[in-house]
Number of protein chains: 2
Amino acid sequence: MQKREARSKKRERSKKREERERSKKREERERKSSAVPKKVDHEARRQEISAALWRIAVTRGLDGASLRDVAAEAGISLGRLQHYFRTKDEMLLFALRRINQLAADRVRERIEALAGEPTPREVLRACLSGMLPLDEKSRTGLLVGAAYYVRAVHDPALRAEAQQGIPELRDFFVSQLQRAVERGELDPGRATAEEAMLLIGTVDGLATYVLLDVHEPETALRLLDRCLDNLFGKG
Amino acid sequence: MQKREARSKKRERSKKREERERSKKREERERKSSAVPKKVDHEARRQEISAALWRIAVTRGLDGASLRDVAAEAGISLGRLQHYFRTKDEMLLFALRRINQLAADRVRERIEALAGEPTPREVLRACLSGMLPLDEKSRTGLLVGAAYYVRAVHDPALRAEAQQGIPELRDFFVSQLQRAVERGELDPGRATAEEAMLLIGTVDGLATYVLLDVHEPETALRLLDRCLDNLFGKG
DNA sequence: CGCTATCCAATACAGTTGACCTGGAAACGG
DNA sequence: CCGTTTCCAGGTCAACTGTATTGGATAGCG
């Protein structure tokens, strides 16, 4: 347990007050070039609020997270929260983008962490296992992602956000499969976009069942390995 | 400044009033042999309410469905709805069980509809494709199921409900794989519970992406066939 | 110093929510 | 007929929702 949620609404923050730095990018407003009398880092504050939102979403679900709850969890007032996110949807969308980015970073790290010249299979395994809820962090990310998923089904804006990264991921998988063919590790007929999408869908389904406690994380990993066995041949 | 949303609450039922019939099954109550002055079919009424709930859940999501909304959609008063479901959770749980049952029935029908003596692959294909959102009905079912999924992640009672049918399904798949081995259509090493769970997970992932509009239904079906090709060998 | 913009706590507001309650209509057994 | 029970429309209620507003603290700039 690394994180404890003190129910006290007392603000004990005031230490992050230092990290103001530059952050010149004005994400949605066009300020009139007037000097910047601001001192706080908007981006950092929003990330803190996002983290508070996730903490609630993991335990109570996304819909059970009211603005007041999030503000309390973040240890700030409702007024302050509304200063950084003018509407609830704005907060939700920001938090979704952020968690997707974190997930992508995690997968990227996993790949770069592979020593030497990893085989295509090793790269794929690293990438796919990074999409499974194997530790607390990725579990949280997927849990929150699932909460967004249901909303995305009904909300076109969220849906577009959710669909965004998939083609890129698929193409990356195809390139790895292609590389495996060139190395003689894979049947040429299986280096297609269809196989790539099949892999992605399978891992997604496995993750779903892990979150439902149908599978243990290790079970999901074993199933993933068997899936790769089927693909590359049990060497 | 009251914004009235144009919501057609007009529902012209009043003819369902006739289908009361017998229905001797007292689903949860044990009447003490006292004469039954009741005239309506509780089970049928609850199913109607469930259907109304699903209609809302498909378009607006499960959490966007208040008791008043459901009552309006069902064309009944709030008081009447609460007569049949004392709490909201009771209604939700009933509707979940019902939709799971309908999905199971649909898969069963698909299997029984196969002519002659279907091969194991044909049986598996029928079953798996029955779990995909290929028509409006199954799409609705999966959409509602997805809405429940997110709740099940946080609610133990719902989670138990969601986990319920999986072992049975897995065992059925294993039996079909075993049968395929005996017929010489499958490598004996692949007739395991792991392969069965892999199939289930894959279809689940594919269904997820169809609901997200990442795949067209036909695409998902093609991917399923390729998955079976990989399993049985491309005949 | 003033001026102005940012930052944010507190409160108000208008609406919705689920649960509960009351009372009476309808159907049955007697 | 009466009494009992089911059935159900309507209303009430406290709690909660997202958003808007007010007022003041703080900080940078001329």
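Chain letters run A, B, ... following the sequence lines, proteins first, then strands; residues in each count from 1. Worth knowing before you read on, the calculation uses all heavy atoms, side chains too, and leaves out hydrogens, waters and symmetry mates.
- Between B/Glu48 and B/Arg45, at least one side-chain nitrogen of the basic residue sits less than 4.0 Å from a carboxylate oxygen of the acidic one, meeting the salt-bridge criterion.
- Atom pair A/Gln82:CD and C/dC8:C1' shows a separation of 11 Å (rounding to whole Å applied).
- In this structure, B/Leu78 atom CG and C/dC21 atom C1' are separated by 12 Å, rounded to whole Å.
- Across all strands shown, B/Ser77 has heavy atoms under 4.0 Å from base atoms, whether or not it also approaches the sugar-phosphate.
- With D/dT19, C/dC8, C/dA19 as the candidates, the nucleotide lying closest to the side chain of B/Lys88 is C/dA19.
- Among the heavy atoms of the strands, none lies under 4.0 Å from A/Leu81.
- With hydrogens and angles disregarded, a donor-acceptor distance shorter than 3.5 Å links the side chain of B/Tyr148 to the backbone of B/Leu92.
- A/Arg151 and A/Asp63 are joined by a salt bridge, as a carboxylate oxygen and a charged side-chain nitrogen come within less than 4.0 angstrom of each other.
- Here A/Leu67 lies in heavy-atom contact (under 4.0 Å) with a base.
- The main-chain N or O of B/Arg97 is never found under 3.5 Å from a side-chain atom of B/Glu161 such that the two would form a donor-acceptor pair.
- Close to C/dC7, at under 4.0 Å from its OP1 or OP2, lies a side-chain N or O of A/His42.
- In this structure, A/Arg68 places its CZ atom 14 Å from P of D/dA15, rounding to the nearest Å.
- Between the NE2 atom of B/His83 and the C1' atom of C/dA25 there is a distance of 13 Å, rounded to whole Å.
- Look at CZ on A/Arg86: it is 16 Å from P on C/dC8, rounded to the nearest Å.
- Using modelled atom types, one side-chain atom of A/Tyr149 and one backbone atom of B/Thr208 make a donor-acceptor pair closer than 3.5 Å.
- Applying the 4.0 Å criterion to OP1 and OP2 of D/dC7, one finds that B/Tyr84 has every side-chain N and O outside that range.
- With rounding to whole Å, B/Arg45 atom CZ is found 10 Å from D/dC8 atom C1'.
- Going from atom CG of B/Asp63 over to atom C1' of C/dT16 covers 15 Å, rounded to whole Å.
- Following rounding to the nearest Å, B/Asp41 (CG) and D/dT6 (P) show an atom-to-atom distance of 16 Å.
- Closest to the side chain of A/Arg80, out of C/dC8, C/dG18, D/dC8, is C/dC8.
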